[in-house]
Number of protein chains: 2
Amino acid sequence: MGKGESTREAILRHAIVVASRVGLSGLTIGRLAQELDLSKSGLFSHFHSKEALELQVLEYGAARFVENVVKPALAAPRGLPRLQALFDRWLTWSQSDPSSGGCFFVAMATELDDRPGPARDLLVRLQRSWIDLLAGVVAAAIREGQLRPDSDPDQLAHDAYGAMLAYHHASRLLDDPAAEERARRSFASLLDARRTPAS
Amino acid sequence: MGKGESTREAILRHAIVVASRVGLSGLTIGRLAQELDLSKSGLFSHFHSKEALELQVLEYGAARFVENVVKPALAAPRGLPRLQALFDRWLTWSQSDPSSGGCFFVAMATELDDRPGPARDLLVRLQRSWIDLLAGVVAAAIREGQLRPDSDPDQLAHDAYGAMLAYHHASRLLDDPAAEERARRSFASLLDARRTPAS
DNA sequence: GCACCGAACGAACGATCGTGCTATTTTCGG
DNA sequence: CCGAAAATAGCACGATCGTTCGTTCGGTGC
């Protein structure tokens, strides 16, 4: 890995933390340069435009999400255990180090939902594939006979996302100490309502 | 209502629409002035500071929410009907006119959750009182014997908020045409899981 | 008719935004 | 160890940010 590549990664790593807190529009070249002890132009030359920086931040975030949430959870046996592992990792990711501003993608989702452009398009693709992944694991759990066959995988994926968003809201805005417990309860209820009697 | 008061209200009315889309930080004095055919300084003189403008926008949004969601729903008989009316009105409010950027408070919540200051403090108070109101109506439904007595009102309020956030995400970011249907289903499931056999 | 006041305007401020140029330094293969 | 290439710095630009100041204009009370 050349020098340029390593500083580029350092930039992106820090940019994610900043963007989680102040959004992509609040993510400033000047601020980024100052906090990383670089010159504005030196940092800028890695990306050639603000928009390219934003896209790379999104892609880097997605890569980290796959690395820390998806990949480890896929080690769990398919069906319900894998679904539970995904949710657990997801929750852990949302907490992450306290310095980080919660789940990066939650912040991006509400910022970009009204801002057309390549960044929004990319985020939509990423989020769709994540929800589809969730729904796929749900479908597997149905095939395994762990969830009732009339369960709607997309609806469950949608509701699981809602539980995460509610957790984020309660935890980060309202400082509710019971937020994590509530999130786990929400998710457990979603599963219980669909569980087969046998399982 | 004097001249000043009426233009101040026109400013706030438009500011809410803008802020729903681009956030409070994206809400610019210059932009606001341009879109309302005022001079920057003329508009500014109504508020004396950007922060005061932000606070008034939040307060104005809260007043509109109470007017359009809370007050009409309180006309429904207490207990479950009132809870359902609140959710229905809430959903309608989130859709509102298509020009508006979805639920104003959803946008504010994720923007301000990592930005300490008076604006965040005010928003936290507003959101807490809204969730407490929801929980109160749930508690009434329990006393009425419509929901099982072991139901946790705070958890249900929390989950209802999650359903709204998931709706917002699916509808505004993912352009999911089934978003509204999913939101209604989510909320119905929340109630069904807690309904008393008799009701 | 004169004094006053609220409302709005135009111009300017320092700061910061993203973005180009041109040097200068640093890195690294031969 | 040298020279090409990559990485970074320095400086400047037009635009826009929030904010301040002095001024103008229409209306209202005395």
Side-chain angles (χ1 to χ4, degrees), chain A residues 1-60 107-108 111-112 115-120 122, chain B residues 1-19 21-60 108 111-112 115-120 122:
Chain A
M1 179 167 59
K3 178 81 194 314
E5 190 63 19
S6 84
T7 67
R8 195 187 72 101
E9 190 170 326
I11 293 171
L12 293 177
R13 191 172 332 124
H14 186 65
I16 283 197
V17 178
V18 176
S20 299
R21 289 202 246 211
V22 293
L24 282 184
S25 26
L27 180 70
T28 282
I29 313 260
R31 169 180 182 168
L32 219 41
Q34 196 169 350
E35 291 176 355
L36 289 169
D37 277 313
L38 286 177
S39 67
K40 264 175 64 176
S41 53
L43 190 149
F44 182 82
S45 67
H46 283 274
F47 305 97
H48 313 308
S49 82
K50 175 81 187 301
E51 189 172 78
L53 167 63
E54 296 178 350
L55 293 176
Q56 291 194 35
V57 169
L58 284 171
E59 266 159 6
Y60 188 74
M108 296 300 98
E111 178 181 6
L112 296 181
R115 210 184 80 186
R120 190 200 127 110
L122 172 57
Chain B
M1 180 165 60
K3 179 80 192 315
E5 189 63 19
S6 84
T7 65
R8 193 186 72 101
E9 190 169 327
I11 294 171
L12 292 178
R13 191 173 333 123
H14 185 66
I16 282 197
V17 178
V18 177
R21 290 202 245 209
V22 292
L24 283 183
S25 24
L27 180 70
T28 281
I29 312 261
R31 167 180 184 169
L32 219 41
Q34 196 170 348
E35 291 176 356
L36 289 168
D37 278 312
L38 286 176
S39 67
K40 267 174 64 177
S41 51
L43 191 150
F44 183 82
S45 67
H46 283 274
F47 305 97
H48 313 308
S49 82
K50 174 81 187 301
E51 188 172 79
L53 167 64
E54 296 179 349
L55 293 176
Q56 291 192 35
V57 169
L58 284 171
E59 267 159 6
Y60 189 73
M108 295 300 98
E111 178 181 5
L112 296 181
R115 208 183 83 186
R120 189 199 128 109
L122 173 57

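Just so you know, these numbers come straight off a predicted model, no measurement behind them. So you know, we letter chains A, B, ... as the sequences are listed, proteins then strands, and number each from 1. When reading the values below, keep in mind they use all heavy atoms of this one structure, side chains included, and skip hydrogens, waters and symmetry mates.
At D:dT8, none of the side-chain N or O atoms of A:Ser45 fall inside 4.0 Å of OP1 or OP2 (strictly under the cut-off). Within the 4.0 Å cut-off from OP1 or OP2 of D:dT8, at least one side-chain nitrogen or oxygen of A:His46 is found. Contact check, B:Thr7 against C:dA8: a side-chain N or O comes under 4.0 Å of OP1 or OP2. For the pair B:Thr28 and D:dC17, the criterion of a side-chain N or O lying under 4.0 Å from OP1 or OP2 is met.
Between the CD atom of B:Glu51 and the C1' atom of D:dT19 there is a distance of 14 Å, given to the nearest Å. The separation between B:Arg31 atom CZ and D:dA15 atom C1' is 16 Å, rounded to whole Å. Distance CD1 (B:Ile29) to P (D:dT19): 6 Å, rounded to an integer number of Å. When rounded to the nearest whole Å, the span between NE2 of B:His48 and P of D:dC21 equals 14 Å. Nucleotide C:dA12 holds its P atom 19 Å from the CZ atom of B:Phe44, rounded to whole Å. Rounding to whole angstrom units, CG of residue A:Leu36 and C1' of D:dA9 are separated by 15 Å. To the nearest angstrom, C1' of D:dC17 lies 14 Å from CD of B:Gln34. Whole-Å rounding puts the B:Leu43 CG to D:dG18 P distance at 10 Å.
Judged by distance alone, with hydrogens and angles left aside, the side-chain atoms of A:Glu111 form a donor-acceptor pair with the main-chain N or O of A:Ser25 at under 3.5 Å.
Judged by atom type and distance alone, A:Ser39 does not reach the base of D:dG10 through any side-chain donor-acceptor pair under 3.5 Å. A donor N or O paired with an acceptor N or O is not found under 3.5 Å between the base of C:dG10 and the side-chain atoms of B:Lys40.
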**Message:** Is there a side-chain contact (heavy atoms from CB on, under 4.5 Å) between A:Ile11 and A:Phe47? Walk through the geometry before answering.
**Reply:** CA-CA 10 Å; A:Ile11 293 171; A:Phe47 305 97; 3.8 Å; yes
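Contact annotation: the side chain of A:Arg31 approaches that of A:Val22 to within less than 4.5 Å [non-hydrogen atoms, C-beta and beyond]. Inter-residue side-chain proximity for A:Glu35 and A:Val18 is flagged as met; some heavy-atom pair is nearer than 4.5 Å.
Contact record, A:Gly42 with A:His46: O-CD2, 3.3 Å, taken as the closest heavy-atom pair.
Backbone-only engagement by B:Leu38 is indicated by non-hydrogen atom pairs under 4.0 Å involving sugar-phosphate atoms exclusively.
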